[in-house]
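Quick note on labels: first sequence line is chain A, next is B, and so on, each numbered from 1. Everything quoted here is computed from the prediction, not taken from an experiment.
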Amino acid sequence: MAPTRTVKSKSFPKDGKSPKGSGKPRALGANTKSKVSKKPKAPPPKQQKTKSAAPVKKKKRVYTEKELGLLKLNMVTPVGVELPKGKRKGKVFVDDQESMMTILAIVTADKEGQIESKMMKSRQMEDIREARRKEAEARHEQRKSKMEETKDSMRKKRKRKPNVRVDTDPLESSSKSSKGAKASGKRVSFA
Amino acid sequence: MRALTETETQTLFSKLANYMGPSIKNLIAPADSNPSTDQTRMIFRLGNQDRVYYCSEYLANLSTCVARENLLSVGTCLGKFTKTGKFRLHITSLNVIAPHARYKLWVKQNGVMPFLYGGNIVKAHVGRWSEDCPEHQGVVVLGMDDTPLGFGVTARSTAEARRLEPTGIVCFRQADVGEYLREEDTLFTTT
């Protein structure tokens, strides 16, 4: 559309016709119109050729920032706000049995692992508790036996004391008999 | 009503796996279903107020005829997604969970009422329990006549619970059938 107009304006001065004539024909009768219309039909291709040949320099394509995928300057885009390229927008619904089964398999494996680890942990704890209990029991037993030992030793000491006194005494038999008589004579019972 | 997204499905399954273990398979593909007919295929749908419903695909397709604001419920309500993206099971899901429960706890007759009034289960009220149950594991609570009463989370592992005093808590209540009366006003409301 636009190129034909420019062609007209350029071609008419060469032919020697006034630009007025070129402008008016449409308003004039059919004869004039056909004349004018016939003339420009031939040149346009030539003219267009020359025109296309003249601007050889190809216009450099200017890429926008979006096309290059550059980050905008002085802007901070938080992680997660911008969707990754090529990812579809919106929700992904799960409605078929296969995908449900896949999700189920993942979840079950996860849960099984958790339960298993819990059980293992509880068993280990149980073992530790059992060992501790046994150890405490053994210690208690040991302490008890030690106590018994000391008690026994004390008892023995108590029994031995009079013997020592007897040893110092020259008249062993007489003192023994006298002691026995004393014990039998002085016994007091409240029952 | 819409299908669940991948993350939603994963959250739902991991919660259900707490109580059911690997038998969730039976929910997705029931053993008695015929693959040639889609009428028995069971699916999950997200309804109003982020509630998740479990129903047959046939029913879900029929429900599309009802306007969203007029649709109160479809199939069985399993629970709802919280604002933070976690899933909370409702007591209405007991019918779905109980037949496939992995760990069970039977409550004696004297412990039924305290549980139905919203109390935790103490050791003295336990009639039987599944062996090798770790702590913080989902369990279904049953009466001694095998009636499902609710579900909870174990406070102690089975081994630890054996050494517990009779007043010690063995299971924290999560939901019980008493909620049908206690939470009557809010359990099925949509606004």
Side-chain angles (χ1 to χ4, degrees), chain A residues 76-145, chain B residues 1-30 33 35 38 40-46 52 54 57 60-61 87 100 102-103 130-139 153-163:
Chain A
V76 179
T77 43
V79 182
V81 166
E82 217 167 84
L83 277 171
K85 268 188 175 181
K87 205 178 178 186
R88 276 182 69 192
K89 199 178 156 189
K91 290 166 182 154
V92 183
F93 295 116
V94 181
D95 211 14
D96 55 323
Q97 213 158 312
E98 285 74 41
S99 47
M100 262 199 210
M101 279 294 186
T102 321
I103 293 171
L104 175 63
I106 296 165
V107 169
T108 336
D110 194 29
K111 281 278 161 190
E112 282 298 305
Q114 275 180 19
I115 289 174
E116 202 59 37
S117 66
K118 256 190 207 175
M119 293 300 292
M120 285 280 283
K121 207 175 167 187
S122 68
R123 253 174 234 149
Q124 276 175 358
M125 291 297 283
E126 198 63 31
D127 286 347
I128 291 167
R129 261 185 225 128
E130 193 67 22
R132 257 187 210 159
R133 198 178 55 83
K134 269 183 185 168
E135 202 178 303
E137 236 168 51
R139 211 180 295 148
H140 187 72
E141 205 65 31
Q142 211 177 336
R143 209 177 289 156
K144 218 176 178 181
S145 64
Chain B
M1 291 261 174
R2 66 165 173 86
L4 302 180
T5 62
E6 273 178 21
T7 44
E8 283 165 350
T9 314
Q10 202 158 359
T11 318
L12 170 69
F13 282 178
S14 57
K15 182 60 103 171
L16 285 175
N18 263 345
Y19 295 91
M20 298 169 67
S23 25
I24 312 177
K25 263 205 301 281
N26 299 318
L27 289 190
I28 303 165
S33 73
D38 261 359
T40 47
R41 202 188 141 215
M42 301 301 279
I43 51 164
F44 300 94
R45 281 283 177 272
L46 191 82
V52 174
Y54 176 64
E57 195 172 32
N61 289 341
F87 187 75
H100 308 291
R102 183 172 188 177
Y103 297 107
S130 305
E131 285 301 312
D132 268 353
C133 181
E135 65 177 344
H136 306 138
Q137 174 69 37
V139 283
V153 172
T154 54
R156 306 288 170 101
S157 64
T158 327
E160 265 180 88
R162 274 205 195 94
R163 287 197 307 273

Engaged part of R156(B) at the chain A interface, taking heavy atoms whose separation is under 4.5 Å: neither
Heavy-atom side-chain contact between F13(B) and M100(A) under 4.5 Å: yes
Gap between atom CD1 of I103(A) and atom OG of S14(B) - 0.5 Å precision: 11.0 Å
The single option from L104(A), V107(A), V94(A) passing side chain to side chain contact (heavy atoms under 4.5 Å, CB included) against Q10(B): V107(A)
T102(A) side chain near E6(B) side chain, heavy-atom distance below 4.5 Å: no
Residues of residues 112-122 of chain A within contact distance of chain B, non-hydrogen under 4.5 Å: E112(A), I115(A), K118(A), M119(A)
Positions in residues 124-144 of chain A that reach chain B, provided some heavy atom is under 4.5 Å away: E126(A), R129(A)
E135(B), part contacting chain A, at a heavy-atom distance under 4.5 Å: backbone
Which atoms of L4(B) approach chain A - backbone, side chain, both or neither, heavy atom under 4.5 Å: backbone
Salt-bridge contact R45(B)-D95(A) (side-chain N to carboxylate O under 4.0 Å): yes
Validation row: M101(A), K25(B) side chains within 4.5 angstrom (heavy atoms): yes
Interatomic distance, K111(A) atom NZ to R102(B) atom CZ [nearest 0.5 angstrom]: 11.0 Å
